[in-house]
Amino acid sequence: MIHKGVKPDNKAYTCLIHGYCSSGQGKEVVRMLKEMSAHGHHPDVVTCSSLLDYHCKNGRCTEARKIFDYMIEKGTKPNVTAYNTLLNGYATKGALSDMHGLLDLMAGNDISPDHYTVNTVLWAYAKGDMIDEAMHIFDQMRQQGLSLNEVSYGAIIDALCKFGRVDEAMLKFNQMINEGVTPGIVVFSSLVYGLCTVGKWDKAEELFSEMLSQGIHPDATFFTRIMHNLCNGGRVTEAQSLVDLMSGKFSEAQELYLNMIKSGMQLDIYTYNIILNGLCKNSCVDEAFKIFQSLCSKGFQLHILTFTIMIDALLKSGRKEDAMDMFTAISTHGLVPDVMTYGLMIENLIKEGLLEESDNLYLAMEKSGCTPNSCMLNALVRRLLHQGEVMRVGAYLSKIDEMNFSLEASTTSLLISVFSREEYQHQMMSLPKKYHFLVDAKKRGLFQRNWILNCVETSLCDP
DNA sequence: TTGTAACCAT
């Protein structure tokens with residue numbers, strides 16, 4: 001066009017800018033803008049919105065704001081879409097004060113918010129854990145008759161579920177149905193997740209069935225949210241309940257996610273870790289192993305946790321050779337074992353009676369720069385006690401003391417029960433000094449429950 | 001000639 005001597009007009013520039021924005025060619029956008037301005041053209045409100053969106057999507061709200069202010073300076077009045085775009089940029093970043101400032105400006109310029117505006121603000125609050133503010137916006141929307149879609153309901157329901165306010169979330173769910181808004185996967189996903197985490201298994205299952213009967217299939221997010229609980233080590237009882245739930249009441253879920261994998265649904269390593277762990281914990285190690293191998297053959301980038309999950313499962317199902325192979329394969333995937341991986345392997349060597357090897361692996365771990373944690377050292381002490389290897393316990397107890405860790409309750413009680421046995425009495429002195437009271441206690445016949453609890457509290461757990 | 005949104009994270 002230019003070569004033929006035709007001067008591009010506003011329309012031509014605008015068209016090009018939109019193209020460059022949507023294909024992410026920022027440099028070209030800037031070049032076009034400069035050229036445009038040099039020819040005396042100015043982008044209109046729609047083009048500016050494209051630019052705003054372009055910058056916001058790349059996390060550059062400050063840049064976006066410059067364009068917004070430039071727009072006003074040049075006399076181009078931002079419309080509701082322009083405001084919404086920038087508001088969304090702020091909301092995504094969690095820049096709530098900037099968002100509030102822009103809302104004030106919007107009100108000052110008599111631009112009425114639409115359902116995009118309110119949803120964006122509602123989402124920003126939900127994301128920022130400002131649940132009551134979100135609820136307030138939600139009620140305002142309803143009062144003002146602004147359209148409430150699945151998105152609006154989804155945002156509020158999810159936020160309520162995250163905070164365990166599942167009863168309120170269920171009220172919103174019923175409300176949306178009464179208003180003729182059809183819940184989709186997001187709403188079901190949030191509610192089933194929420195119900196599971198508060199232990200309302202029956203209700204969760206009921207809702208899951210309802211979801212399936214409506215032809216809504218669980219997606220990766222759904223499984224991630226539900227199965228996340230399987231890995232939630234800190235809440236053993238709830239995790240166990242979920243294992244039961246998944247293997248029993250949620251048998252449809254198991255089938256469905258296997259089908260999903262077969263149908264080529266894209267899952268990331270995060271989801272795979274959870275699925276592999278879920279399968280392993282439900283005695284489906286073979287199935288998990290197959291998935292693991294297919295991931296390897298596809299060249300999928302694995303995480304050390306993927307190996308740890310598999311090694312744990314293989315060891316627990318007695319496949320020690322496979323576990324060993326997997327441990328040695330870690331480095332060929334460009335990964336290094338972490339404290340959990342080493343812990344499992346060392347514990348297994350102790351279990352096998354290969355004490356030299358276990359010591360060597362422990363040293364290798366330290367040499368590799370991997371620091372033992374409290375959980376691992378406690379597990380090793382317990383394993384040694386279980387195997388009757390009391391002479392080796394002292395070294396690990398010393399490490400626990402050196403690193404200012406505490407004995408876990410299960411370790412303490414095992415220690416007491418093992419050393420109260422006659423056969424181990426004479427080995428008590430191999431323990432660090434602070435544990436010698438166990439001998440005195442035995443001699444004085446003080447092994448009453450309260451006394452032990454007192455010792456545990458004052459001496460062991462709080463050194 | 002053209003523009004705007006959400007849920008999971010070992």
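Since this is a predicted model, take the numbers as computed values, not measurements. Order of the sequence lines fixes the chain letters, A, B, ..., with proteins taken first and strands second; residue numbering starts at 1 for each chain.
Atoms OH (A/Tyr54) and C1' (B/dG3) sit 16 Å apart, rounded to a whole Å. For the pair A/Asn58 CG and B/dT4 C1', the computed distance is 15 Å after rounding to whole Å. Across the protein-nucleic acid pair, A/Asp53 atom CG and B/dG3 atom P stand 10 Å apart, rounded to whole Å. With rounding to whole Å, A/His41 atom NE2 is found 14 Å from B/dT1 atom C1'. Protein atom CZ of A/Phe163 is 11 Å distant from nucleotide atom P of B/dC8, rounded to whole Å. The CE atom of A/Met71 sits 12 Å away from the C1' atom of B/dT4 (whole-angstrom rounding). Put simply, OH on A/Tyr193 is 8 Å from C1' on B/dC8, counting in whole angstrom units. Distance A/Leu52 CG to B/dG3 C1': 9 Å, rounded to the nearest Å.
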Intermediate values then yes/no, ring pair (Phe, Tyr, Trp, His ring centres under 6.0 Å), A/Tyr342 and A/Tyr362: CA-CA 8 Å; A/Tyr342 276 115; A/Tyr362 188 91; 9.1 Å; no

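Checked against B/dA6, B/dC7, B/dT4, the side chain of A/Tyr116 finds its nearest nucleotide in B/dT4. Each of B/dG3, B/dA5, B/dT2 was ranked by its minimum atom distance to the side chain of A/Asp44; first place goes to B/dT2. Closest contact between the side chain of A/Trp123 and the listed nucleotides B/dC7, B/dT2, B/dG3 involves B/dC7. Side-chain proximity of A/Ser50 to the nucleotides B/dG3, B/dA5, B/dT4 is greatest for B/dG3. With B/dA5, B/dC7, B/dT2 as the choices, the nucleotide that has an atom nearest any side-chain atom of A/Asn88 turns out to be B/dA5. Side-chain atoms of A/Asn149 lie closest to B/dA5 of the nucleotides B/dG3, B/dA5, B/dC7.
Salt bridge absent: A/Glu347 and A/Arg382 never bring a charged side-chain N and a carboxylate O closer than 4.0 Å.
OP1 or OP2 of B/dC8 has at least one side-chain nitrogen or oxygen of A/Lys162 nearer than 4.0 Å. Proximity of A/Lys57 to the phosphate of B/dA5: a side-chain N or O atom is located under 4.0 Å from OP1 or OP2.
With hydrogens and angles left out, the side chain of A/Ser49 and the base of B/dG3 share a donor-acceptor pair within 3.5 Å. For a distance-only test at 3.5 Å, the side chain of A/Asn79 qualifies as a donor-acceptor partner of the base of B/dG3.
Note on A/Ala82: a base of the nucleic acid sits closer than 4.0 angstrom, heavy atoms only. The residue A/Thr14 sits close to a base: some heavy atom pair falls under 4.0 Å.
Of the candidates A/Asn109, A/Asn88, A/Thr117, A/Asn109 is the only one forming a side-chain hydrogen bond (donor to acceptor under 3.5 Å, both in side chains) with A/Tyr83.
Interatomic distance, CD of A/Glu402 versus OH of A/Tyr396, reported as 12.5 Å (0.5 Å rounding).
Between A/His303 and A/Thr308 the shortest side-chain heavy-atom distance does not fall below 4.5 Å.
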